[in-house]
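The structure appears below as structure tokens.
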Number of protein chains: 2
Amino acid sequence: MTLLQLRILRETVRHEFNLSKAADTLCTSQSGLSKHIKDLEHELGMSLFQRHGKRLLGLSEGGQAILPIINRIIQDSENLKGIAQDLRQADQGQLTIATTHTQARYTLPKPIAAFKQQFPKVHLALKQADPNEIRELVLAGDADIGIATEVLAEDAALVSLPFYEWQHCVIAPRDHPLSQLSASGQSVLTLSDICQWPLITYHDGFTGRSRIDRTFQQAGLTPDIVLSALDADVIKTYVALGMGIGIIAGPAFDPEQDQRLSQIPVDFFGKNTTWIAFRKGHLLRGFARTFIQLCNPEILSDSPRNPAAAMLHRP
Amino acid sequence: MTLLQLRILRETVRHEFNLSKAADTLCTSQSGLSKHIKDLEHELGMSLFQRHGKRLLGLSEGGQAILPIINRIIQDSENLKGIAQDLRQADQGQLTIATTHTQARYTLPKPIAAFKQQFPKVHLALKQADPNEIRELVLAGDADIGIATEVLAEDAALVSLPFYEWQHCVIAPRDHPLSQLSASGQSVLTLSDICQWPLITYHDGFTGRSRIDRTFQQAGLTPDIVLSALDADVIKTYVALGMGIGIIAGPAFDPEQDQRLSQIPVDFFGKNTTWIAFRKGHLLRGFARTFIQLCNPEILSDSPRNPAAAMLHRP
DNA sequence: GATGCTTACGATACCCGTAAAGATA
DNA sequence: TATCTTTACGGGTATCGTAAGCATC
């Protein structure tokens, strides 16, 4: 049994049992993979794949049984290298963060700037993606850390730590009736008030859109959403054009830059939590843990409401 | 990085950093080990051993950091083979049980007979040893299961399941005054009564001897222990010779075979628990789990007082 | 001087990749 | 026919063990 054989098996599964593609990503020949798999099957004394003649269709029962262990072995071996690198040069390496527009644009600039100053030699890569892609990136090991509001906390294969809580807010052009209402101080904006106007907000699956939909649905209201965008900048642009009023994440409103708009805080959409996630069992380099602390210093405190934080120390 | 390299590292540590001995158990040459270690160190970019010139003295800081992960990788790879074998031929293989005289002689014959009948093809090896040796055998992987009253439950690296509870009893020759007392039915034997006579019981560290000592000590009594033996058969022999009265484990008294002796149950020594233990993370073959069930069917029930039983199902 | 680790070196075996063959869709 | 896996085969390399060198005790 060889680590290479195990890696080949994992990669074959990842590429949907297409040996040719697996061989490509492993930078070797198909024939090599074929032989290695055969050897492994011979050593374990059972076939690992379902075959139709010479086609690989899926894992056999035995293959399914051992795949989790194989994955752990490979993960451990990668962690080994990570630890070694950490001990050797704790301030160098690569940190890949997958995150959404909202986080990258409004929340992360500050912690990233602090991180860059503290670890100038670390190559920090920011991958912008939608929440589902972020989850995939983290699960595949193509990103060390994922940051998003959606999806992450629901995945059992991820360790998700709460980053911060926020609420949606309503934005409107400065000369909009709602803005007057808000400025007068007697802001008792209701959900049905909002439904009076054409709405612009996030696309499905982005930045708490699901929560917005649920709120309207539970109130029995049908909002007139005239535009759904992937990010707050697009929303703000069209709100400023007078196409409607916007619903964006609170942190996405910048009083200085968004002087053409006014912000009306509302609380009926409920609280959202943005999560910082990494793959279970994935060893985070020291500076990666530091980055998480820079994002939210409280994450470190092993408070009872946050048992997942313990994973940070002993993954 | 190779599994072989990791195995070499582990074996080197096991043999107290003597490459020659490690090479022997791995059936290869010293020079090979030397090179493999060097390669691994080169790949990880750090030295794994403390050296005095050409002598290996111990693990370096880095070596200590990665050793636990290495052990887990090796263990997983062994588990892989175990699963494979289990799927292939669930009723064949090797089961090694390390246990004490008391268990081997009085408790295990019944479950072992049942096991032999159910799994005639499994090669069952019984290793008799003292509790500390049993622990070492299990930890080193030289025994799948360890059964003893002492030591096992205290080790954090073992999963210990309660086998059965028992108490000590006093034995005396049939014509001994204590036997008369017992036979008359008005048995109110006290601890100080026992101290009137020379005592024969287990050696330190065997079969609840520690609990016996504690009981006398707490009562402020100093027993006259004239002989301490490793097993109940020796104790019974000398009790029959009239050398004194004996304290043995209750299950070790056999009314049929021990007709020269009388048994006087007492309760002041308190309850002892005999444990069935295996190494954490060590995958038990299917028949090994069955054997444990044969010993104590209740172990399987995930009762709240026995959370360790869960380890049986998903180790 | 005895033990133990490292280095050198030659033979062997293993692994890899090309190419051809066989199978599937 | 096109795609994909297996088998065959030859070149290259890595591994292994013997043996010599050298440091520690």
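Fair warning: this is a prediction, and the values are worked out from it, not measured in the lab. In what follows, chains are A, B, ... by sequence order, proteins preceding strands, each numbered from 1.
- Side-chain atoms of B:Arg55 and base atoms of C:dT3 include a donor and an acceptor less than 3.5 Å apart.
- In this structure, B:Arg279 does not pair ionically with B:Glu136, as no charged nitrogen and carboxylate oxygen lie closer than 4.0 Å.
- When heavy atoms are screened at a 4.0 angstrom cut-off, B:Leu4 is found touching the sugar-phosphate backbone but no base atom.
- Between B:Asp39 atom CG and C:dT6 atom C1' the separation is 13 Å, expressed in whole Å.
- Atom CZ in A:Arg51 sits roughly 13 Å away from atom C1' in C:dA23 (whole-Å rounding).
- For the residue pair B:Asp144 / B:His282, a side-chain donor-acceptor distance below 3.5 Å is found, with atom types taken as modelled.
- Salt bridge status for B:Arg88 with A:Glu43: absent, with no side-chain N to carboxylate O gap under 4.0 Å.
- Between the side chains of A:Thr102 and A:Thr207, at least one donor N or O lies within less than 3.5 Å of an accepting N or O.
- Along DNA chain D, read 5' to 3', the first and last nucleotides having any atom under 4.0 Å from a heavy atom of chain B are D:dC16 to D:dT24.
- Across all strands shown, A:Leu57 has no heavy atoms under 4.0 Å from either base or sugar-phosphate atoms.
- A:Gln5 has its CD atom 13 Å from the P atom of C:dC14, to the nearest Å.
- Evaluation of the side-chain hydrogen bond (donor to acceptor under 3.5 Å, both in side chains) rule for B:Asp24 yields no partner, not counting sequence neighbours.
- There is no side-chain donor-acceptor pair under 3.5 Å between A:Asp130 and A:His101.
- A donor and an acceptor atom, one from each side chain of B:Gln94 and B:Arg285, are nowhere located under 3.5 Å apart.
- The shortest heavy-atom contact between A:Ala84 and B:Leu44 is CB-O, 3.5 Å.
- Whole-Å rounding puts the A:Leu19 CG to C:dG17 P distance at 14 Å.
- Spacing between atom CD of A:Glu43 and atom P of C:dC14 amounts to 13 Å, rounded to whole angstrom units.
- Aromatic ring orientation, A:Phe206 versus A:His203: perpendicular (interplanar angle above 60°, classes split at 30° and 60°).
- Shown for residues 24-35 of chain A: residues whose heavy atoms fall under 4.0 angstrom of DNA chain D, namely A:Ser31, A:Ser34.
- No engagement by B:Phe49 is indicated, since no non-hydrogen atom pair under 4.0 Å with the nucleic acid exists.
- Residue B:His52 places no side-chain N or O under 4.0 Å from the OP1 or OP2 atom of C:dG4.
- Atom CG of B:Leu56 is separated from atom P of C:dG4 by 12 Å (rounded to the nearest Å).
- For A:Lys54 and C:dA21, the shortest distance from a side-chain N or O to OP1 or OP2 is not below 4.0 Å.
- For the pair A:Leu40 CG and C:dC15 P, the interatomic distance rounds to 12 Å; values are reported in whole Å.
- We find that NE2 of A:His36 is positioned 7 Å from C1' of C:dC15, with the value rounded to whole Å.
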